[in-house]
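Below, read A as the first sequence line, B as the second, and so on, with proteins coming before strands; counting in each chain starts at 1.
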2 protein chains.
Amino acid sequence: MNLKELASKLGLSPTTVSRALNGYPEVNEATRERVMAAAKRHNYHPNTRAIRLATGRAMAVGHVIPVATRHEIVNPVFADFIAGAGETYSRNDYDMVLSVVPDDQEEDTYRGLKSKGNVDGVIVHAPKMHDPRIALLHDIGLPFVVHGRATGTTLPYSWLDVNNRRAFQRATEFLLDLGHRRIALVNGLEFMDFAIRRRTGYVDALSARGIAPDPALMSSDEMTEIAGYRAAKAMLAARARPTAFLAASMISGMGVRRAIEEAGLSMGRDISVIIHDDDLSYMKNGEDVPIFTATRSSVREAGRLAADMLLDLIAHPGPGPQQRLLEAELIIGQSTGPCPKP
Amino acid sequence: MNLKELASKLGLSPTTVSRALNGYPEVNEATRERVMAAAKRHNYHPNTRAIRLATGRAMAVGHVIPVATRHEIVNPVFADFIAGAGETYSRNDYDMVLSVVPDDQEEDTYRGLKSKGNVDGVIVHAPKMHDPRIALLHDIGLPFVVHGRATGTTLPYSWLDVNNRRAFQRATEFLLDLGHRRIALVNGLEFMDFAIRRRTGYVDALSARGIAPDPALMSSDEMTEIAGYRAAKAMLAARARPTAFLAASMISGMGVRRAIEEAGLSMGRDISVIIHDDDLSYMKNGEDVPIFTATRSSVREAGRLAADMLLDLIAHPGPGPQQRLLEAELIIGQSTGPCPKP
DNA sequence: AATCGCCCTCAAACCGCTTTGGATGCCGCA
DNA sequence: TGCGGCATCCAAAGCGGTTTGAGGGCGATT
């Protein structure tokens, strides 16, 4: 059932039917209702492919998921972000198209998306320092929103980010207030922008209290359970071991906890731990009482908001880039306590 | 730059250029090369929207991600599956379009995808018992592949699944061979098809050795750390506690491990644990030596294969449904050992 | 030299919708 | 009565490709 058939069934022209269905004013209300009813009755849905060609809009946004060719990790945060963004898209009748590409083919992918015209904009995931994608997208003129920011990039661009620096600064201060002095950082990979900002916040907080950051207490690796476990285990084995940890994610934190317990120590009493909690749906940080004290910011909500921003950018290209900085909340759980006296 | 422009630049008709680019035989090789070169030089990419309209094919497949309206959980397995499927799609120039929908709107979503014509087929995720989606898709005539199976469905359909029953049967036998008699099952939600099959395997193995399954040792809940922790904690607190656990996932298993350690017991010595390992990229089960003894099956590989199957189904609709059952491997880690003497 | 056949190329229809630019009819008003 | 104006509706031209059916050119065959 297509427009033409529907129109002839109604004894109207395709033009009028199209206008009736799309709410144009130059059609009699009675006619419109007749058309609407017939469309519903015959289960008519306009062919998306034709609409796209006729209007020139793709009614779709792209998410390019880079898969690191070296360590083949798919960011676990991704599923929840997508879920959030997806809600926005379905509300607005947009499609979400995913491209999973090796990270050395990202450039081609973006160019392709633009010139083949199958998306109206893209969301950029996991920005790195000096991320080249921003200049690239700027060049090819494809609307985009970055989830995160790219330190070192001078071009103005739209982004939505969590205040990672502030979050880790506050977390560090919280530990300092509890009397901790040897605080370890189990960070993500520090070519990722968010990881750099987190370290900055951590270092700033220490420095503000006159404590020199100790390289032996700072590690940087993938945010996996194993990596967290190993980093914590090594630090706990050292002569002057930390009394507190700052971990980059829930999963890292679980590794840290394992190392602590394996060392015969008790998390929360002997050793304090604060994690960053993305509030992933399958990785809840406890229920009424959080397991981990955490800086929390819902990545799903971030997905919703980033998608909103992108759709707005697509609809109103004029006003220029938008930015939005979300604050993480510091929630107190069972994993922190006063620094034990030596 | 579009076909017409390119054609006029070359002094050829659009027809010839189109044929040259698409490898049709009725065009001179010299001409073809000239066209190819010009296309590259002018960075010509055919407009996807036009191709889709002209050919009637969407060159896209849909993944409908149901988001449970009650417990808003996004399956963590999902990201890796998508990554695998995505590799197949990009190799074949297909797009992947995701629809994130509340699970009570799934039917409308599938109907919409079909009648609006924006996908050529779909992958069905997370089948439940008597899953109504299979009959629905059958009805509306949209090619599909189910990741998993739907017990109780009589229609023939295409699926790709892991032999969950066998995997859990083998795991149970392995524990029995180690002398364990009180083996607990920390299962996923048992309206999910895979969870039912796993329980069947577990029960079968016990029964085969003349052990009656003990309801007190069988739990079923979401596959989260918390749920695993709580189930294990409750069972460990009982008078006759289990000496071994079978956990539904890596994450559940981490909860089980926490409960074990919190009870002052040692995993692998006092209590054995076997998990099912989906081989998620961000959730590796150790490195050289696995942390957990596990039934392992890569969900990413499953994504690749399911996508292959679907594309084949789309290209060759004739032969009818395809099925493929993958066997999980049993890998031995540090979390299992002989049943301690009482 | 005429005919056949093959190779290459082209004009035009088509995919299903949107949108521009009229056309038609009816009303009110001067 | 005549005309402008408004409310409705329609024909046709795109959008940018693919594909059918036909034609021109040329060497080979008779």
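Rounded to whole angstrom, the span from the NZ atom of A/K116 across to the P atom of D/dG17 amounts to 13 Å. Computed from coordinates, the B/L3 CG to D/dG14 P distance equals 17 Å when rounded to whole Å. One interatomic measurement links the two molecules: CG of B/N118 to C1' of C/dC17, which rounds to 14 Å at whole-angstrom precision. Whole-Å rounding puts the B/Y24 OH to D/dG17 P distance at 15 Å.
Counting heavy-atom neighbours within 6.0 Å of A/R324 CZ, excluding the residue itself, gives a total of 12 or less.
Taking 4.0 angstrom as the limit, A/Y44 places a side-chain polar atom (N or O) nearer than this to OP1 or OP2 of C/dC17. Taking 4.0 angstrom as the limit, B/N22 places a side-chain polar atom (N or O) nearer than this to OP1 or OP2 of D/dT18.
The ring pair (Phe, Tyr, Trp, His ring centres under 6.0 Å) analysis of residues 81-108 of chain B, with sequence neighbours excluded, yields the pairs B/H63-B/Y89, B/F81-B/H125, B/F81-B/H147. For residues 52-68 of chain B, every residue pair satisfying the salt bridge (Lys or Arg N to Asp or Glu O under 4.0 Å) rule, not counting sequence neighbours, is listed here: B/R52-B/D95. Sorted pairs that involve residues 17-57 of chain B and meet ring pair (Phe, Tyr, Trp, His ring centres under 6.0 Å), not counting sequence neighbours, are lacking altogether.
Contacts of A/R149 classified as salt bridge (charged side-chain N to carboxylate O under 4.0 Å, His left out), with partners at least two apart in sequence or in another chain: A/D161. A search for salt bridge (charged side-chain N to carboxylate O under 4.0 Å, His left out) contacts involving A/R133 returns A/E106, A/D131, not counting sequence neighbours. In terms of the salt bridge (charged side-chain N to carboxylate O under 4.0 Å, His left out) criterion, B/E33 has no residue partners (sequence neighbours excluded). Shown here are the salt bridge (charged side-chain N to carboxylate O under 4.0 Å, His left out) partners of B/E26, two or more places apart in sequence or in another chain: there are none.
The stretch residues 45-56 of chain B comes close to DNA chain D through B/P46, B/N47, B/A50, B/I51, B/A54, B/T55, each having a heavy atom under 4.0 Å from the strand.
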Kindly give the atom pairs (protein nitrogen or oxygen, nucleotide nitrogen or oxygen) under 3.5 Å for nucleotides 7-10 of chain C.
unit_1 : atom_1 : unit_2 : atom_2 : d
C/dT9  : OP1    : B/T31  : OG1    : 2.9
C/dT9  : OP2    : B/N28  : N      : 3.4
C/dT9  : OP2    : B/T31  : OG1    : 3.4
C/dC10 : OP2    : B/S13  : N      : 2.7
C/dC10 : OP2    : B/S13  : OG     : 3.2
C/dC10 : OP2    : B/T16  : OG1    : 2.9
C/dC10 : N4     : B/R19  : NH1    : 2.9

